[in-house]
Every structure is written in C-alpha cells, then in structure tokens.
Amino acid sequence: MINVGIIGFGTVGTGTAKILLENKSVISERIGFDINLKKIADLDIKKSRGIKLPEGILTANADEILNDPEINIVIELIGGIHPAKELILKAIRNKKHVVTANKALIATEGNEILAEAEKHGVEVGFEASVAGGIPIIKIMKEGLVANRIMAVYGIINGTSNYILTKMTDEGIEFSDALKEAQRLGYAEADPTYDIEGIDSAHKLAILASLAYNIPFSFNDVYKEGITRITSQDIGFAGELGYKIKLLAIAKASDGKVELRVHPTMVPKDYLISKVDGVFNAIYVQGDAVGDTLYYGRGAGDMPTGSAVVSDIVDIGKKIVRSQESGVRSKEAVQIPRSKLKVKGIEDIEAMYYFRFTAFDKPGVLSSISGVLGSYNISITSVIQKGRSLGEAVPLIVLTHTAKEKDVIKAVAEIDRLSVVADKTLYIRVEGKEE
Ligand code: HSE
C-alpha cells in the first residue's frame, strides 16, 4: 500500500481526493496495490467541498503530512510560488516523492526542484501542470521518446481559447468575451496570466524541456497576449482563410529552439484550428512518428485530478517495485541537460498579417508597400474596405515568409509615415506558403 497526503484542498485537491476515494477499487484492480489517501492539509478545514471524507483525514498543519514517516508521496496542490516551493523542498529533503500541478512553480523553479530531488533520490511528477487531463507529459517522456521533436504547437490556455472562440463565433469584442470567461469561472484569479500568454508560457517552458531536454526556461519564452486582437482582425483572418489562436510554439530551428507564445493565424482547415472553447490541444511533430495531435480538457477538478492520480500511480508502481526487489530505481528524476540555446524572437522567420491604420488617399498603399519592399517583405494579399476620405481605415496585408528583424524595422518606419494614423498590429501566420 502507498500512502499519500494532499496539501491544498481547492479545486484540484478536491478532484484528486474524489478520484482517489471513489475510483479506489478500479485503480487498485489495475495496478495490484492500494493507494491510500492518508491526510489532506488546508488552511481552511471548515469549508464544505461537497465530498465525503473519512474521519480525521483533514488537518490545518502541512507538517503532519511532511513529517509523517508513513506517507510516501506528497501532493502539492496549493499553486503559486510561495510557500509551495518551500513545502516541496521540505518534502524532498524528508525523502518523500512529490506530485504537483503547479505550472508556474515548475516553469520557474523546476530546475532547482529537480536538482534537489535528484540529490535525495526521489521523484517529482508534474503531469497535471500542462493541459489538465491530456497526458502530454507521459506522451513526451514515454510515447514519443524515440523521436527528435521537430515542433510542438499547443493551445494550452483554455481561457484565451474560449475568448477567441467567442469573438469568432459571435463577433463580440475582447473585453466582453473576457467578462463572460470570468463570469463562467474560467479565468485565473489574475486574468493577466491567461490573456497575456503567461500561463501558456509556463506550460510551454515545461513542454519544451521535455521535447528538447533543455532546462525549464520560462524567462526565455517570448510572450504576447490576445488583448490587441479585435473582432475586425478575426473577420479579416476569416476572409483570408485563417482562424486566430493563441499558440504556444516550440520549434527546432537552425540548431536552436524557438520558444514563443503569441496570437497566430492558422489555416481554417488545420485540425488545431477546430479546437474551440475551453478545450486544449497539442500538436507534436516527431521525426519518426510524423504528425500527432492530443485533445482534451485543460483545466477543471476532475481532468486535472486524473493527471495528478496518474503521477501518483506511476511513482507508486516504482516504490512497490523497489520494495519488492530491494533495488531503488536509478532514474529517479530526469534532469534536462541539453545546452541547446533558445532563439530570440527577432531571429525567427514567419509569414505575417499586418493591420495598418492608414488614411484613405492616393499613394498610401504604395508608400507602405515601398517600405515593406525595402526590407525584403513580399506581399501575398491586400484587403482594404470602406471608403472614408480623410479618415483612417484598416489596410490588411498578408506576406510571404519574412524575417521578424525586418518586420520590426519596417513597422517602426511605417508607423512614422504621416499617412499612418495608429500603431500597426501584426500577427504571425502559420501554414503552407502560398
Ligand atoms: N487558466 C488556465 C486555463 C487553467 O485557462 O487554461 C488551467 O491551467
């Protein structure tokens, strides 16, 4: 029997406890031993969580779990950096294995945590930190272990995907769609994390670490959110045959790796474009396997709890195996050791959608395209609608593959033209070049 203790009895803690209690016999039958939920610690042990717990299981003191010699695995589900980090380090130093759903913590402090775990010969499971119920960590670590990973494209923030879907389907603006997401309880406590790409960047740092064996590199991820996208952009993208998605991209590129989160125009007929609402999806391209796609719920008590329990079972199996054989598993933690460098955003290449805001008068298109041409940016399509002499109108331009470096310079120059009335917005475009 494996004893576990949960620290943090919020949404995911409750889902995990429910699964451990209600699916206990199903799990035991599958794995051949019992997982016993011995303790749950939370500062608030009065609040009803809608779940019937065995007598005496709750405690307000996390040390009752951390110092319990019978507890094999500590499950950290409080979220945030502090005191989650200190609790995890204490568990590790007490030679307890750890399971966590804490994406922000793993993305930013994961290197230190894994090094400590290696030192003490314990495991750290973080399946639940990325894309909730989709077992993507296991897929990267095990299912696709034979592959060189060419690219990972993820819709890994349900809130921003919900907002973009609402804007696409109902033609509403960003702020109204955000309010709806908050009303439904999808957004993080601080929605900035969702809408500015930070939550996706946390998860991407974790996925990239597994895909490219690099340390968790949250600070090196380029982050751009969805707050500047208007329903007009979504409309124009639609006319051009694309959908706008907040994509998290990790890509092998000239001996480096690109790590970026930004709104992306994706051809409407790509499977990932069809992932709508709060659902998550991750497309992984491996050199041996080719294209693969994983889809499911990225948040919520039960999907995330399902991922937490899968880590508990994995670690539990190793504990039982080593108890039976008397040999401790050697690969307790896999420390990512590749020295592969991350490519700066200014060094990437992509196709681009530009929304210029320009006065509708003769010669404007040629001034703008002249600047683009001088930076080697070649145009594939132009849309300009509505005629309002003397007023600024959107001018949409789609390009062939160009260098981001050139795009940055061209936009700075175009924004200084007297015929341009507002800052230019640009969106990177994925798909086959026309
Ligand atoms: N706020 C996150 C999301 C929750 O919207 O996907 C799951 O990490």
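In listed order, ligands and their atoms are each counted from 1.
Judged by the 6.0 Å and 45° rule, Lys223 forms no cation-pi pair with Tyr193.
Close approach to Gly158 involves these atoms of ligand 1, each under 4.0 Å from a residue heavy atom: 3 (C), 5 (O), 6 (O). Within the listing of ligand 1, atoms 7 (C) sit less than 4.0 angstrom from a heavy atom of Gly298. Remark: ligand 1 atoms within the under-4.0 Å shell around heavy atoms of Asp194 are 1 (N), 2 (C), 3 (C), 5 (O). For ligand 1, the atoms closer than 4.0 angstrom to any heavy atom of Thr159 are 1 (N), 3 (C), 5 (O).
Geometrically, ligand 1 and Lys203 share a nitrogen or oxygen pair separated by less than 3.5 Å. Below 3.5 Å of separation, one finds no N or O of Ala299 facing any N or O of ligand 1.
Taking a cutoff of 4.0 Å between a charged side-chain nitrogen and a carboxylate oxygen, Arg428 and Glu224 qualify as a salt bridge.
Taking the six-membered ring where the residue is Trp, the centroids of Tyr295 and Phe279 are separated by under 6.0 Å.
When the shell of 6.0 Å around NZ of Lys274 is examined, it contains more than 12 heavy atoms from other residues, nucleotides or ligands.
By the criterion of a heavy-atom distance under 4.0 Å, the side chain of Asp199, and not its backbone, is placed next to ligand 1.
Of the options Leu247, Ile244, Ile155, a side-chain contact (heavy atoms from CB on, under 4.5 Å) to Thr264 is made by Leu247 and by none of the others.
Between the side chains of Tyr162 and Ser160, no donor N or O sits under 3.5 Å from an acceptor N or O.
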